[in-house]
Amino acid sequence: MVRKVALSACLAGKNCRYDGRLKENKELVKKLEDAGYEIVLFCPEESCFGTPREAMDLVLTDEGIKALGRVFHEDKSMPIVEYAERFFEENPDIDLFVGKARSPSCGVRTALLYDEDRNLISDKESGIMAAEARVRGIESVDDEDLI
Ligand code: SF4
């Protein structure tokens, strides 16, 4: 049976980062293909907010960890949670989740967490979509773990 990997679309060369810059990782994609994985791409932020868009940060608030816009500080968490839930419901057979390191949406164990004054308090968090993958028990790694 073909194994499926969910991969941050920016790593596969999609211009979906908040600033439109390319973050393609051809070596990683080849490694996954050579290992026989079928690759399923995702990008919660582009789907929810378009590209380019305001950057966001994970912030520890009184109501827990939220993804807040860096300029206007509005809470962008819920659309990303809903995207992630929909993605995993539509793709129930994902064997491996590979997220872009340090992303507030996709970083698995490397996302940066700030306090409300935007002081860095952790660099070992899960982004909003990666957290959803982990809650579902899907094996999850940052791209940097594989290359
Ligand atoms: S890190 Fe995640 S949210 Fe950001 S551009 Fe890549 S796939 Fe999209």
Side-chain angles (χ1 to χ4, degrees), residues 2-35 37-61 63-114 118 120-147:
V2 180
R3 283 170 54 81
K4 278 194 185 177
V5 58
L7 178 68
S8 287
C10 54
L11 297 169
K14 199 163 187 291
N15 266 358
C16 52
R17 280 175 49 93
Y18 73 94
D19 56 4
R21 272 190 304 133
L22 206 56
K23 275 286 171 184
E24 187 173 19
N25 188 334
K26 288 182 180 160
E27 194 184 345
L28 172 64
V29 172
K30 183 169 185 323
K31 194 168 183 177
L32 293 169
E33 285 172 347
D34 288 350
Y37 279 107
E38 179 184 330
I39 298 175
V40 185
L41 301 179
F42 63 85
C43 179
E45 294 184 27
E46 174 165 84
S47 175
C48 297
F49 311 115
T51 301
R53 58 186 171 274
E54 179 189 7
M56 64 181 73
D57 295 311
L58 284 183
V59 176
L60 183 58
T61 72
E63 286 135 36
I65 294 177
K66 303 285 183 188
L68 303 185
R70 194 170 288 168
V71 179
F72 300 110
H73 309 292
E74 78 277 30
D75 183 0
K76 295 169 181 276
S77 313
M78 194 43 70
I80 300 175
V81 169
E82 287 170 357
Y83 172 95
E85 288 175 347
R86 211 164 48 242
F87 177 86
F88 291 117
E89 275 157 27
E90 288 170 0
N91 298 278
D93 48 355
I94 296 292
D95 299 290
L96 176 66
F97 176 96
V98 181
K100 174 79 189 74
R102 290 176 290 285
S103 158
S105 295
C106 302
V108 174
R109 292 178 187 82
T110 54
L112 310 178
L113 178 65
Y114 297 86
R118 303 289 165 122
L120 183 65
I121 52 178
S122 170
D123 59 1
K124 296 182 171 42
E125 303 302 313
S126 291
I128 304 279
M129 179 147 179
E132 193 63 37
R134 295 183 73 184
V135 161
R136 289 166 189 255
I138 299 168
E139 182 185 354
S140 300
V141 294
D142 288 288
D143 58 333
E144 295 175 350
D145 294 336
L146 296 182
I147 293 292

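In each ligand, atom 1 is the first atom listed, and ligand 1 is the first ligand listed.
In the vicinity of Arg53, heavy-atom distances shorter than 4.0 Å reach the ligand 1 atoms 5 (S).
Side-chain contact between Asp57 and Leu112 is absent, with no heavy atoms from C-beta onward closer than 4.5 Å.
Of all protein N, O or S atoms, those under 2.8 Å from atom 2 (Fe) of ligand 1 number 1.
The shell of residues lying under 4.0 angstrom from ligand 1, judged by heavy atoms, excludes Arg21.
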Practice problem: Apply salt bridge (Lys or Arg N to Asp or Glu O under 4.0 Å) to Arg102 and Glu144, showing your working. | Solution: CA-CA 10 Å; Arg102 290 176 290 285; Glu144 295 175 350; 2.5 Å; yes
Quiz prompt | Working for salt bridge (Lys or Arg N to Asp or Glu O under 4.0 Å), residues Glu132 and Arg136 | solution = CA-CA 6 Å; Glu132 193 63 37; Arg136 289 166 189 255; 3.2 Å; yes
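Counting only N and O atoms by type, the side chains of Tyr18 and Arg53 include no donor and acceptor under 3.5 Å apart.
Taken from CG in Asp123 to CD in Glu125, the straight-line distance is 8.5 Å, to the nearest 0.5 Å. The CG atom of Leu120 sits 8.0 Å away from atom CG of Leu113, with the distance rounded to the nearest 0.5 Å.
Within 6.0 Å of CD in Glu85 there are more than 12 heavy atoms belonging to other residues, nucleotides or ligands.
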